[in-house]
Number of protein chains: 2
Amino acid sequence: MAAKISVETCECSVIHEEVVSLVRERMPEEETLYDLAELFKVFGDTTRIRILWALHEAELCVCDIAFLLNMTQSAISHQLRVLKQAKLVKNRRDGKVIYYSLDDEHVKRIFDQGMIHIHEEK
Amino acid sequence: MAAKISVETCECSVIHEEVVSLVRERMPEEETLYDLAELFKVFGDTTRIRILWALHEAELCVCDIAFLLNMTQSAISHQLRVLKQAKLVKNRRDGKVIYYSLDDEHVKRIFDQGMIHIHEEK
DNA sequence: TGTTTATTTGAACATCCGTTCATATGTTTA
DNA sequence: TAAACATATGAACGGATGTTCAAATAAACA
């Protein structure tokens, strides 16, 4: 049994050493990839996707969204908080009512790319 | 106390009735939004994001990826399964080794839109 | 054929995450 | 100022999810 490189690595890593290190050099920074995953995580929930889609159509208050999606105001409020933290929505107050709207013109583009993928499947 | 529409709905829903029903008409089907969320859920994990990015650079075998990301082959294999189910990666066998590569030209475009968003924050 | 190598798979475990419920905050109106 | 309304928030609960560990495939080699 010859020298094992690491705790668990097969011989491929030696054979493919050049390719692997080349890929490593080209990989974005850890933090960037983490942020990217965090962003997509926000899109990875049906409720949030529906909220974003609704807000793409019109500015709406919390109870409008709750009524539209047939969900609790509290649940919607919690999700709007997530969306706001991700800088995907913004809000304005008008008396008692708080209106939410999209805070990013890329939301639709991200949607579109996703749509292209899921509609490709046969 | 006047007639309440539902278990929990404020008066906005009455005032904004037209807007809300207009939005409702324009919303995509439930199933479509569900699929879209499922797709983005796949992108919403650092490990999978890193795998996809690596595969965007080169075709790699499981142990290459494990070595590159300094993770267990088992963990990588589990995630590759998720990516394959989402039709984002494909594989080919060459003897003992199984090579993975991207199965979708949109992956990069979805990445790009996400990158534009996260790099916009100041 | 038995062993080694590369990968897959299932169960178990811990953690994360979305909703609910009760309550708090903030604004308007009587 | 008290009541009503719109929204936010924190704790708690249940379900989903990622990694680990052990064991199973599957191909190549001796």
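Note that the coordinates shown come from a computational prediction; the quantities given were computed from them, not determined experimentally.
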All side-chain contact (heavy atoms from CB on, under 4.5 Å) counterparts of Leu33(B), not counting sequence neighbours | Ile49(A), Arg50(A), Trp53(A), Met27(B), Pro28(B)

Using the test side-chain hydrogen bond (donor to acceptor under 3.5 Å, both in side chains), find all partners of Asp103(A) that sit at least two apart in sequence or belong to another chain.
-> none

Near DNA chain D, under 4.0 Å by heavy atom, which residues of residues 32-39 of chain B?
-> none

Hey, is the side chain of Gln73(A) poking within less than 4.0 Å of OP1 or OP2 on dT20(C), counting only N and O atoms?
-> no

If each of Cys61(B) and Ala75(A) is mapped to the nucleotide of DNA chain C with the nearest heavy atom, which maps nearer the 5' terminus, i.e. the 5' end?
-> Cys61(B)

Rounded off to whole Å, could you give me the CG-to-C1' distance for the Leu80(B) and dG18(D) pair?
-> 14 Å

Any chance CZ of Arg26(A) has more than 12 other-residue heavy atoms, nucleotides or ligands included, within less than 6.0 Å?
-> no

Would you classify Tyr99(A) as touching base, sugar-phosphate or nothing, given that sugar-phosphate means primed atoms plus P, OP1 and OP2, and contacts are heavy atoms under 4.0 Å?
-> nothing

Sugar-phosphate or base contact per nucleotide [nucleotides 25-30 of chain C; S, B, -; heavy atom under 4.0 Å] | --BS--

Is Gln79(B) near enough to dT19(D) that one of its side-chain N or O atoms lies under 4.0 angstrom from OP1 or OP2?
-> yes

Quickly work out the Leu60(B) CG to dT7(C) C1' distance and round it to whole Å.
-> 15 Å

Name the nucleic acid region contacted by Lys84(A), choosing base, sugar-phosphate or nothing; use a 4.0 angstrom heavy-atom cut-off, strictly under.
-> nothing

In whole angstroms, how far is the C1' atom of dG18(D) from the NZ atom of Lys41(B)?
-> 14 Å

Please tabulate, one pair per line, each protein N/O and nucleotide N/O from nucleotides 10-14 of chain D that are separated by under 3.5 Å, including the distance.
from	atom 1	to	atom 2	distance (Å)
dG10(D)	O6	His78(A)	NE2	2.8

Remaining members of hydrophobic cluster (4.5 Å side-chain criterion), Tyr99(B) = Val97(B)

Work out which heavy atom in Leu69(B) is nearest to a heavy atom in Thr47(B); give both atom names and the distance.
-> CD1-O, 4.2 Å

Is any side-chain N or O of Thr72(A) closer than 4.0 Å to OP1 or OP2 of dT20(C)?
-> yes

Candidate nucleotides dT19(C), dA6(D), dA8(D), ranked by approach to the side chain of Tyr100(A) - the nearest = dA8(D)

Take atom CD1 of Ile49(A) and atom C1' of dG18(C), then tell me their distance rounded to the nearest Å.
-> 15 Å

